[in-house]
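In what follows, a structure is listed as C-alpha cells, so that the remarks can point back to it.
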Amino acid sequence: MRQYLLKSILQIVPVLFLISIIVFVLVYVTGDPVSLMLSDTATDEDREILIAALGLDQPMHIQYFRFLGNMLQGDFGTSFRYDMPALPIVLERLPATFELAIAAMIVATVISIPLGILSATKRNSFLDIFVSGASVLGKAMPHFWLGIMLILLFAVEWKTLPVSGRGSWDHLILPAFTLGTGIAAEMTRLIRSSMLEILGQDYIRTARSKGLIETIVVYKHALRNSLIPVVTIMALQTSTLIGGTLITETIFSWPGMGQLIIQAVNTRDMAIVQAAVFVVAFLVIVSNILADILYRVLDPRIKYN
Amino acid sequence: PAQPSGNKETTQPAAQNGDKVLTIASGSDIVTFDIHDHNNTSTEAVHVNMFDYLVRKDAQQKVQPDLATEWETVNDTTWRFKLRQGVKFHNGDEFTAEDVKFTLERVATDNKLLEYGNYKQIKEVKVIDPHTIEIITHAPEPVLLNRLSRLGSGILPSKYIKEKGWDEFLKNPVGTGPYKLEKWVRDDRLTLVKNDEYFGEKPKWDKVVFRSIPEDATRVAELLTGGVDIAVNIPPSDLQRIKDNDGTDTKQGPTQRVMQLTLRLTPGTVTENPKVREAIDLAIDKQAIVDNILAGGGVPTRTRVTPGNFGTNLDLYNKTLYDPEKAKQLLAEAGYPNGLELTLNATSGRYLKDKETAELIQAMLAEVGINAKLELLEWSKFNEKYKAKKFDEVFMIAYGNSMFDASLAFDRLTTERSKGESDYSNPELDKLLADGEKNMNMEEREKQYKQAQEIIAEERPHIYLYQMNANYGVSDRINFEPRLDEMLFVDEITLK
Amino acid sequence: MSLPLESQTAQAGSVGQAVKKPGQLRRLARMLLKSKTGTIGLLIVIVVVFMAVFASAIAPHDPAKTQAAQRLKPPMWMEGGSPANPLGTDNLGRDVLSRIIYGSQVSLMVGVCAVAVAGAIGVVLGLVSGYFGGIVDNLIMRTVDSFLAIPNILFMLVILTVLGPSLTTLILVLGFTNWVKYARIIRGEVLSVKERDFVRAARTVGASDGRIIFTHILPNVISSFIVVSTLSVATTIIAEASLSFLGLGIQPPTVSWGGMLSDGRQYLATSWWVATFPGVAITITVLGIMFLGDWLRDILDPRMKARAK
Amino acid sequence: MDQTKEPLLVVKGLKKHFPFKKGMFSKETGYVRAVDGVDFTVYRGETLGIVGESGCGKSTTGQMILQLLEPTEGEIWFEGRNLSTLGKAEVRTLRQHLQMIFQDPYSSLNPRMRVEEIVAEPLRVHGTHKGSELKEKVVELLRLVGLDAHHMSRHPHEFSGGQRQRIGIARALALNPSLIVCDEPVSALDVSIQSQVLNLLKKLQKELKLTYIFIAHGLPAVKHISDRIAVMYLGKIVELAERDELFANPRHPYTEALLSAVPIPDPTQRKERIVLQGDLPNPANPPSGCHFHTRCPYVQDVCRQTAPTLTEGTAGHFVSCHFPLGQS
Amino acid sequence: MEANLLEVKHLRTHFKTEDGVVPSVNGVSFSVAKGETLAIVGESGCGKSVTSLSIMGLVAPPGEVVGGEIWLEGQNLLALSKKELRKLRGNKLSMIFQEPMTSLNPVFTIGNQLGEVFRQHRQMDKKEARAHSIEMLDHVGIPNAEKIVDSFPHQLSGGMRQRVMIAMALACNPALLIADEPTTALDVTIQAQILELLKKLNKEFQTGVILITHDLGVVAEMADRVVVMYAGEVVEQADVFSLFAEPKHPYTKGLLGSLPKLDENREELDSIPGSVPNPLDMPDGCAFHPRCPAATEECKQNKPQLQEVALNHLARCFYA
Ligand SMILES: Nc1ncnc2c1ncn2[C@@H]1O[C@H](COP(=O)(O)OP(=O)(O)OP(=O)(O)O)[C@@H](O)[C@H]1O
Ligand SMILES: Nc1ncnc2c1ncn2[C@@H]1O[C@H](COP(=O)(O)OP(=O)(O)OP(=O)(O)O)[C@@H](O)[C@H]1O
Ligand SMILES: [Mg+2]
Ligand SMILES: [Mg+2]
C-alpha cells in the first residue's frame, strides 16, 4: 500500500506539470490585466512601467518558467483585488467549499444507494421506472434553478430552513441538496446498472444456491461488489462536484472557493484564478487517489496484482 | 414574518440578549479596506461607518462639519481646515493633522491608486499645527469640499500604518468612525460593532452586519424571511412582492447614476451623422423603459447633471424626446431611407436590468429601421473593451457622480478625453469646461455648465436615457430613507 | 467425404438468425417499440428536431418582438392570459411559446455541434492513444488527467470570459472541454478490441495499422461513442443553461432555453411561467435524449446482443 | 515424412518473457517466462501438435511464429530464412505464407464486416486480386471450406460456431499459405461439430499440401490430427515424438500422467489413474531445476537442482528428463 | 419408487424472450437413487443447466418452470414456498457450477463464504463456522486449510477453487449434489484430481449426484446411469455400460462416433452434420431429423415418444 501511495504521488507530478501549462496558457491568453489595474487617468508611461514590473514584456516561455518557479515555492502571485498573496486567500476559502462538497456527497450517497439497489432488485417495476425518471430529472435541473426553487419552497414558503449563508448545520441542507442532486442522480443510475450486472454474476447464483436469505445475497454479496466500479466513477465526479460549487455557492452566498473563483474571473484577478484552479485540480487528483485506495480496500483482488 | 429556525447568531438580525443588531444585504462584498484603491460605491457605503471625512454631506447633501469643524479659503488654491480635537482612532491613537496629511497626500501622489485621478488636484497638505491644516491645490478648486466628502477621503491612522505596516491595516483596519470592524469573512459577512469612544452622537446599533448575497432571488428571500433588515438592489419585479409581504416594505430613491448611450463620431461611422444620432435618440422611448423594465424606478433625462448636483439644468431633466416618425424621417434625410446597421454594446448583469434595457432598445431601434447588432458583454470583458476604447458605434453604460458637481459629468467629452471613444470634439465646449473647472465664481460657473449641457443635448455624443432609482427592501421594524449618494450611514437608520 | 455439406449450409439460415437487410430495420423498429422509454425518447427527439427545423413556420410570433404593454402575461388558461400567447409572455412582452420553439434551434445546435467537436478530438486521440500505446498514450492520458482535474465549468468560465461569448466560441469551448471523456472511453474500448482475435487475424494477413484502425477497430468502438455522445448532447444543453446563469451563454437576440431559464429566474416567484416553461422544455428534451441514449446503449451493446441470441 | 523431410520452420531457443514491475521503486522487475527456450522443427506437409496445460506457453509460441509477438530471444527460420533479420517488406511478403486459425470463432471475426469482406481482406491487403476476380476467389475459398456463395453477404453473427470457424479457415487459406498455426481451433465448438472441423482440416491439408502446427489441450484431438506431438510444460517442451511413439512409450513422467488423466469414453476401461498432486506452478516464479519436480511422482534430488535438457533418446523421440521412463 | 431420492417428472422450463418463448426444458423426466451418479450429457444449449437450475429453484426471470413435478425425498419442490425451498438449498440440495473462477465472490474470504452455509443452516456462530469450514476444506484435500480459510478466491488456483466449491456444497451433507460441468474449465490433470475427489466423496457420503457434462469420457468414468438430452428433451436413458455398448438413438451413436479416441487411429471421424436447431424454430416431428442420417418421412411428421427399447434402456426414436 505504501508503495502504491508513493507511486500515485509520483504520478501526480506530470499531471500537475501539465496543469501548470494549461493554467498558464489560460491566463496568458486572457490578455493583460494591466488595464484593469490602472486608474482611469493613467498615462501610457504608467502602463509601460507596470507591464515591465509584472514582467509581461518578456517572451511567453520565460514568463512560464518564472511562473512555474514561483509556483513551486507556493507563490501564485498577488491578487490585485485583495492586494495579498493569492494562495492564502484561496486556502482560506477551502474549508467552506469542503464542507459543502462533503455534505453534497453524503446527500448523494444517502439518496442513491437505497434507490439504486431498490430499482435494480425490483427491475422494471413501477418503482424502477419512477426512480429512472427521477434521476433523469435530477440531472436535467441546472443548479441555479434548483437552488432558487429550494429557497422559495423551504425557506420562503414553508420557513423551515434558512435561506443562505454559512452557519450551523441547517444552513448546509439546501446547498448540499442543490449540489448533491445531480450527483445522486448519476450515482443512482450507476449503482443500478452495476447492481444489475453483479446480480447476474455466477457468485450470486452460488450464494443463492447456498440457501442464503435474499437480504444477505443483496446487501452482502451484491452491494459490496457493485460499489467497486461506482467508487472510481464517482471519483471522476469530484471535478463536476467542485465545478457545481461555483454556482451553488453564488446562489446560497456560501463563502467558499466557488464564489471566489467567479468573482476572480469577473474581475480578472488572475492570480486568484491560477491559485484556485491549481488547488481545485490538486483536490480532484487527491480525491481520485483516495478513491483508488478505497477501491483497493473494497476489492481484495487488486492488492495482489 | 416568522423567523426561520436557523442558527440564531448568523441569521437572526433581531435583538438577542438585548443587543441591537442591524443586518444589511447587498449584492457584493466590499472590495477592500484600502480606501484609496477602489472606486466602488457599495464598498464606500460600508466604509462611511468606520472612517470619517473632514466634512460630510447630510441626508440633504448639505456639507456639514465632521473631522473638520471649520474651514475657509485662504486664496484660490489654498483652503484652511480646523480639525476636531479629542478624537481617537479605534486603536486609541489620537487623530491629528498628520493623519490628514498622510491620507490625502497618499492618494494625491500615488498614481497606482484607483482614486488617484480624483485627488491629484491636491498639491500639498500643510500641517499648520496639530489641529490645523492647509490644503494647497495645483489650480483653483471650486469643488474641493465635494471631493473631500466622498470616496477616498476617509482619514487613515498614520501612526498605526507607519508602525504596523499597510498589510496589518488591511487586516485590522482602524478609523475614527462610529463603528469598528469586528470580523470580515469575505463574500459572506462583515460585522461592525459600535465604537463607544465615538466623538459624535452615540452609535445607535450594537452591531451591524453587512452580508453579501450576489443572487437577487436569494437576497429577496432573506428579506422576506426576516434574515436581513435591508436588502439593497431589489429587482423591480420583486418590489410588489416585498410590499405585499407581511413585515416588509420597499423604499426607492433617486441616485446619481444615469444610464446613457455613448456614440461614436469617428469619421466613417454612421453615427458621425448628427441626424442619425438624433434619430437614435428619438427612436428610444425612455419612459417606456422606465415604466416597463424598472417598474417606474427612474426618471427620463436629457442630462447627466441631475438635481442634487451643482450646475443642474432643470430644462433638460425629467424631459425626454420620443418621436419614431421623425426618427424615420431623419434617417431618410441622412441618406438611410432603408435603415442602417450598427452595433450596440452593453453590459449584462452590471446595472439593474441592463440586459433587458439593451434588448428593448434594440427592439425600439428596429422599429425605425435601425438594425442594431446587440453585443452583450459580462462586465470584465466590457470593461476591458471599454478601457481599450474598442467599441463600435454605440455602447450603453451608466455613470455615477460622486462629486455632486457638473464637472465630472463632462469628463469624457473634452476633445482630449473623448479621443478614441466618442471622438467628439467641440472647441466651444472645451473652453466652457476648462473655464468652469477652475472658476471660483459659482454663479458664473453654474451658467457655464448649464450651457454645456445644452450643447451636449443638442449634439448628442452621449444620449442620456434615465436617472436610475435605487430599490431597497426594508423590514417594517426599522426606519430607513435612501440617500442620493447611496451611502448607508447606519446611524441614520433607526428602529421603529 | 461423409460430410453432407449441402444439407448443412441449407441449415445455416435457420440456425443463425437469418436477417436480411430490410429485416434489420424492421428488427430495430421492433426493438424500439418493445422499449417504452426508447419510443418516448425517440418521439421527444423527433418533436424537438421538428420544432427546430420548422421554427419559423410553427411559431405564432416573432420571438424577438417586444411588446411593452403585453409584459408578463400569464399562460392562456390562467386569469389574464390570452390565446395569442398560449404560454404567456416574458418581461419584455415576448411570446414564451415562440421563444421556446426558436430556442430549440440553439439548444440542439449547441448540443450537437459541441458534441461533434468534442467527439472528433476525443475519438482521434483515443484511437491513437489506445492503439499505439507507449509514450504517445502516456502523454495523451496524462493530458486527459489534467483536463479531468479542472472542472469543465471553470474552464468554460475562464475562456468565455476572455473570448466573450458567441455561438461559435460557446460550441468550441464546450467541445474543447469535453473531448477528454471521449478520449478515455474510446481508448478503453480500443484496448479491449485490440486484443480481440480478429485484430490479430488482420495483422496476420498483413493489414497496415491504418487499415486495422479504420476498418477493424473504429467500427467496433463507434457504438460506445454514439451512446456517450447522445447523453452528452443532453448534458451540453444543461451546461449552456449554467453558462447563461454566469452571463456567458448565448447572447440576445438569439434565443436559447438556457438563456430564457436564466433570465426568467428573477420572475420565478412572481411570474413563474417565464422560467418554468423553458425549464420544462430542457427537462423533457434531456429526458428524451437520455431515454434514447439508454435504448441505444442497450441495442448497441454487443453483450446485450449476445444475450438476445 | 520419410526421406523427403524438408524443414519448413525451424525454431531455435525461442523465449518470450513478459515483464512486469514488482514495485515502483524496487528496480527489480519480474518476468512471466511464458516461453522459456523452445526448439523444434516443422517439416513441410506434416502436422506438429503442441499440447500442454493452460498457461504453459502454447499460444505465445504460436503468436511469435506469426510475428504477432516479438520474441525475447531465439530465432525463427521460415523457408530457410531467419525472420528476425529480414526487412519489413520482406517479412510482409513472407508472412503471406504463414497463417493462423484462432480458438474463439466468436472473437476472431470482425462482427461489423460481411463474410465477403472478411475473406477478401488478405487478398485486398496484398493486392493479389481485384474486382470480379476477387469475388470469384472468395466464392472459391468459401466452397473449399464447405460454405456457399450466398453466405457472402451475411455478417458473422448469422452463423453457428462451426460455420464461423470455416470462415476463419477460408480467410487463412486466401493467400495460399504453406504453414497454418491452428490455436485450439476446435475447443470452443460443440462435440458434434468438432469432428466436422477436424475432418475439414485434414481434407484441406491433403488437397493443398498444407503444413500445420496444431495447438490444443485436448489430447484426443491432437492425436487424431498430428504426425508428431510436442508436450509443453511451463514454457518448455518436455517431450517431442512421433504420435504413436509418444502414446505408446511416453518417456516423460508428465506425459505419462497427462495420458493417464484423459478420461476414456468407455466405461469398461475405467482404470487407476496417475493423479498428479498440486497445481501448475506460476510461470512468473517457476520451480528451480526441472520445472516439473514439484508434481513429479518420481522426483529425485538432482531434479530439484538442475534443469534437464531436451535430448533425443531413440530416433526422433526427444525428452527433457533426468530419468526418462522406460529406461529401467 | 421409494428408493429414488429424486424424481423429476415432465419438467418444463421456458424462457420468455423478446423473440419468443424458448422451451429450454420440454418435458424432461428422470430419477436419481440414493448414492447413485446420474450423468446428463448433451450439446451446448440442450437444456442441461436449466434442468439443474430448475431443480434448485434458481431459474431467473425471464425463465419460469411452467410444468412438471420435482420430488425430493417425498416433497414436491415445485409446491414449496420460496422460504421452504431456500431452507433446502445448500442443505439437502446443493450444487457446484462450471466456472470455479467466477462462482466465488471475489471480495470475501473463503472462510467467510464457506462459514455462511453453516451459519445459515446450522445456526452456528462465527467461531464454530470457521472451525467447521477448516474441517470441510481438509476434507476436500486442501492442504494448509487453516491458512486457505482466510485467503481470497483470487489467491487460489482453479482447481483449489473448485475444491472450495465442493466443500461448500457438501458442507451440510446434502442428499443430492448437482455438479454442472464441474471440470470443463479445468486442465486435464486438475480435472483428474477433481473427478477422483468426487468419486471418493460420493462413496463416502452416499450422496446422490447429478453430473452434467458434455464430455463422454467423463461420463464413462463417473456415471452409473446416463441421460442424453437433445434440444430440451431426453432422447436416451440407460445405464452407462449399455449406453456405450449399444447406443440406441442416432444422436447418441453420432456423438460416440465423432469422438477421436486415444486408442485407435482413424483417418476420418464420423460426424453429425449440421448443428443444434434454433430453440425458437424447432423442426416438426423428431427434433433430430434434420441431422439424422436415417431420417424418414415419419420422423419429419411425427414426434417419437421416449420408449423402453431394451431393459431399463429408453430411447426417443421410431427405429431404435
Ligand atoms: N501479454 C501478456 N502479458 C503478460 N503475460 C502474458 C501475456 N500473454 C500471456 N502471458 C502469460 O504467459 C503465459 C503463457 O500464456 P499462453 O497464452 O501462451 O498459454 P497457453 O498455453 O496458450 O494457455 P491456454 O491453454 O490457456 O490458451 C501465461 O502465464 C500467461 O499469463
Ligand atoms: N436467460 C435466458 N434467456 C433466454 N434463454 C435462455 C436463458 N438461459 C438459457 N436459455 C436458453 O435455454 C437453453 C438451454 O440452456 P442451458 O444453459 O440449459 O444449456 P446447457 O445444456 O447447459 O448448455 P452448456 O453446455 O452450454 O452449458 C438454451 O437454448 C438457451 O438459449
Ligand atoms: Mg492459448
Ligand atoms: Mg450449462
Side-chain angles (χ1 to χ4, degrees), chain D residues 51-56 146 159-163 186 188-200 202-203 206 217-225 233 243-244 247 254 257-282 295, chain E residues 41-46 141 143 156-160 183 185-193 195-197 214-224 226 239-241 243-245 251 254-276 278 291:
Chain D
V51 285
E53 286 177 277
S54 180
C56 71
F159 293 88
S160 68
Q163 288 172 316
V186 295
L189 301 178
D190 265 339
V191 199
S192 69
I193 311 296
Q194 285 185 2
S195 56
Q196 293 174 5
V197 175
L198 286 177
N199 284 344
L200 174 67
K202 269 204 143 177
K203 180 192 103 165
K206 226 185 271 160
H217 56 240
L219 270 180
V222 175
K223 181 183 177 212
H224 176 75
I225 201 160
Y233 189 79
R243 166 182 72 177
D244 295 328
F247 279 81
Y254 176 65
L258 202 60
L259 293 179
S260 145
V262 176
I264 311 280
D266 183 349
T268 59
Q269 288 196 22
R270 291 185 185 172
K271 57 181 178 191
E272 274 307 305
R273 318 152 164 272
I274 305 170
V275 177
L276 290 177
Q277 293 310 307
D279 291 316
L280 208 60
N282 181 355
R295 301 174 77 196
Chain E
V41 280
E43 280 174 284
S44 181
C46 70
L156 308 185
S157 67
M160 296 276 261
T183 59
L186 302 175
D187 278 320
V188 200
T189 57
I190 311 295
Q191 164 172 312
Q193 293 173 2
L195 291 179
E196 288 298 311
L197 174 67
H214 58 246
D215 186 338
L216 286 167
V218 173
V219 174
E221 196 81 29
M222 304 282 295
D224 299 316
V226 184
D239 74 88
V240 68
F241 296 101
L243 188 96
F244 277 84
Y251 174 64
L255 270 189
L256 287 168
S258 68
L259 291 180
K261 305 221 172 73
L262 280 186
D263 54 355
E264 57 175 52
N265 285 331
R266 286 184 291 172
E267 243 330 272
E268 197 172 291
L269 301 168
D270 298 342
S271 68
I272 309 173
S275 50
V276 189
N278 180 351
R291 303 176 72 189

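Convention: sequence-line order gives letters A, B, ...; per-chain numbering from 1. A quick note: this is a predicted structure, and the numbers were derived from the prediction, not measured.
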Part of [X] lying under 4.5 Å from any heavy atom of chain E:
X        : answer
D:Gln194 : neither
D:Leu276 : both
D:Asp244 : side chain

Can you tell me which portion of [X] sits under 4.5 Å from chain D's heavy atoms? Options are side chain, backbone, both or neither.
X        : result
E:Leu259 : side chain
E:Val219 : backbone
E:Glu221 : both
E:Leu243 : neither

Name all residues meeting the side-chain contact (heavy atoms from CB on, under 4.5 Å) criterion together with D:Leu219; count only those two or more places apart in sequence or in a different chain, and write none if there are none.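 side-chain contact (heavy atoms from CB on, under 4.5 Å) check on D:Leu219 returns D:Val51, D:Phe247, D:Leu258, D:Leu259, D:Val262, E:Leu262.
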Give the intermediate values and the outcome of side chain to side chain contact (heavy atoms under 4.5 Å, CB included) for residues D:Asp279 and E:Met160. CA-CA 8 Å; D:Asp279 291 316; E:Met160 296 276 261; 3.4 Å; yes
With chain D, which of E:Gly159, E:Gly45, E:Pro260 has the greatest number of heavy-atom pairs at distances under 4.5 Å? E:Pro260
Identify which of E:Val240, E:Thr189, E:Leu216 forms the greatest number of heavy-atom pairs closer than 4.5 Å to chain D.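 So the answer, after comparing E:Val240, E:Thr189, E:Leu216, is E:Thr189.
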Considering all heavy atoms, the nearest E:Ile272-D:Gln196 contact: O-NE2, 2.6 Å
Looking only at non-hydrogen atoms, find the nearest pair between D:Arg273 and E:Ala192 and report the distance. NH1-CB, 3.8 Å
Donor-acceptor check, side chain of [X] to backbone of [Y], threshold 3.5 angstrom: yes or no?
X        : Y        : value
D:Asn199 : E:Glu268 : no
D:Ser195 : E:Asp270 : yes
E:Gln191 : D:Ala261 : no

How would you list, by chain and number, every residue that makes a salt bridge (charged side-chain N to carboxylate O under 4.0 Å, His left out) with D:Arg295, sequence neighbours excluded?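 Only D:Glu53 meet the salt bridge (charged side-chain N to carboxylate O under 4.0 Å, His left out) criterion with D:Arg295.
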Once you round to the nearest 0.5 Å, how far does CZ of D:Arg270 lie from CE of E:Met222? 8.5 Å
Residue from E:Asp215, E:Val41, E:Leu255 passing side chain to side chain contact (heavy atoms under 4.5 Å, CB included) with D:Val191: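 Among E:Asp215, E:Val41, E:Leu255, the one meeting side chain to side chain contact (heavy atoms under 4.5 Å, CB included) with D:Val191 is E:Leu255.
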Please rank D:Gly278, D:Gly161, D:Ser260 by heavy-atom pairs under 4.5 Å with chain E and give me the top one. D:Gly278
Taking D:Gln269, D:Lys202, D:His217 one by one, which has the highest count of heavy-atom pairs under 4.5 Å against chain E?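 Of the candidates given, the most pairs with chain E belong to D:Lys202.
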